[in-house]
Amino acid sequence: MAKLWPAESVTPDSTVGGFVVEFPSGARKSVAWRSEAPIQDTVEAAKEYATKLVQHMLDSGLRDDLNRTNIPSLVAAIARIISDWNDKRRAALHAPHASTLQ
């Protein structure tokens, strides 16, 4: 079973999001994005990221990892990470900026 967790940005830039997947063999892959706005369709975005991960696994000869990974669960976990990132992005967009405070 693959493990998945959000990747934290090394900068306070809330436009950057991502996650890390650790496959059963111990191989790790990271995925990151940058977006000014929240991602509208989290499930569709999760499917796209999972598709790219699967293709990378196939290209890299990680078929055993692919066979031992529950792809629908991976998509659901990615969608949750995107949804959580969206919440943080919305909060950052609606936070008062220092220049507007008096």
Side-chain angles (χ1 to χ4, degrees):
M1 187 64 143
K3 299 175 188 173
L4 185 91
W5 59 91
E8 298 294 327
S9 175
V10 295
T11 68
D13 186 353
S14 67
T15 65
V16 177
F19 58 91
V20 176
V21 180
E22 182 177 339
F23 295 101
S25 69
R28 291 182 181 179
K29 302 297 173 200
S30 61
V31 175
W33 64 84
R34 180 182 299 269
S35 178
E36 292 295 324
I39 296 171
Q40 293 301 313
D41 191 338
T42 58
V43 174
E44 190 59 36
K47 288 178 185 178
E48 289 178 26
Y49 290 129
T51 298
K52 290 177 183 180
L53 278 169
V54 167
Q55 187 59 55
H56 178 77
M57 291 169 70
L58 291 170
D59 293 346
S60 300
L62 298 171
R63 292 181 189 274
D64 184 56
D65 276 339
L66 182 58
N67 291 334
R68 297 190 303 162
T69 298
N70 182 321
I71 302 301
S73 292
L74 181 67
V75 170
I78 294 169
R80 179 57 193 220
I81 287 173
I82 295 169
S83 178
D84 291 347
W85 177 84
N86 278 346
D87 291 344
K88 290 177 186 175
R89 186 66 197 127
R90 282 186 192 96
L93 287 169
H94 299 298
H97 298 293
S99 62
T100 61
L101 298 177
Q102 295 183 5

So which heavy atom on [X] is nearest to which on [Y], and how close?
X   : Y   : result
V75 : A46 : O-CB, 3.4 Å
S14 : A92 : OG-CB, 3.3 Å
P6  : I81 : N-CD1, 3.7 Å
S73 : N70 : N-OD1, 3.0 Å

Separation of [Y] [atom2] from [X] [atom1] (nearest 0.5 Å):
X   : Y   : atom1 : atom2 : result
T42 : N86 : OG1   : CG    : 7.0 Å
R80 : F19 : CZ    : CZ    : 15.0 Å
E44 : I82 : CD    : CD1   : 10.5 Å
R63 : R68 : CZ    : CZ    : 15.5 Å
E48 : I78 : CD    : CD1   : 11.0 Å
M57 : D64 : CE    : CG    : 9.0 Å

Please check this pair: side chain of [X] against backbone of [Y], looking for a donor-acceptor N/O pair closer than 3.5 Å.
X   : Y   : result
S25 : A27 : yes
W85 : P38 : no
T69 : I71 : no

Dump the intermediate steps for side-chain contact (heavy atoms from CB on, under 4.5 Å) on K47 and V43, then the final yes or no. CA-CA 6 Å; K47 288 178 185 178; V43 174; 3.7 Å; yes

Can you check side-chain contact (heavy atoms from CB on, under 4.5 Å) on R34 and D13, steps first, answer last? CA-CA 9 Å; R34 180 182 299 269; D13 186 353; 2.5 Å; yes

One thing to verify: whether D84 and K88 come together as a salt bridge, which I'm taking to mean a side-chain N less than 4.0 angstrom from a carboxylate O.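 No, no charged N to carboxylate O under 4.0 Å.
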
Is any side-chain heavy atom of K29 less than 4.5 Å from a side-chain heavy atom of L62?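 Of all side-chain heavy-atom pairs linking L62 with K29, at least one is under 4.5 Å.
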
Treating Ile, Leu, Val, Met, Phe, Trp and Tyr as nodes and any side-chain heavy-atom pair under 4.5 angstrom as an edge, say whether [X] and [Y] lie in one connected cluster.
X   : Y   : result
V21 : W5  : no
V54 : L74 : yes
I39 : V16 : no

How are the rings of Y49 and W33 set relative to one another: parallel (under 30°), tilted (30 to 60°) or perpendicular (over 60°)?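 It falls in the parallel class, under 30°.
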
Under the criterion side-chain contact (heavy atoms from CB on, under 4.5 Å), I'd like the reasoning laid out for H56 against L53: C-alpha separation, chi angles, the key distance, then a yes or no. CA-CA 5 Å; H56 178 77; L53 278 169; 5.5 Å; no

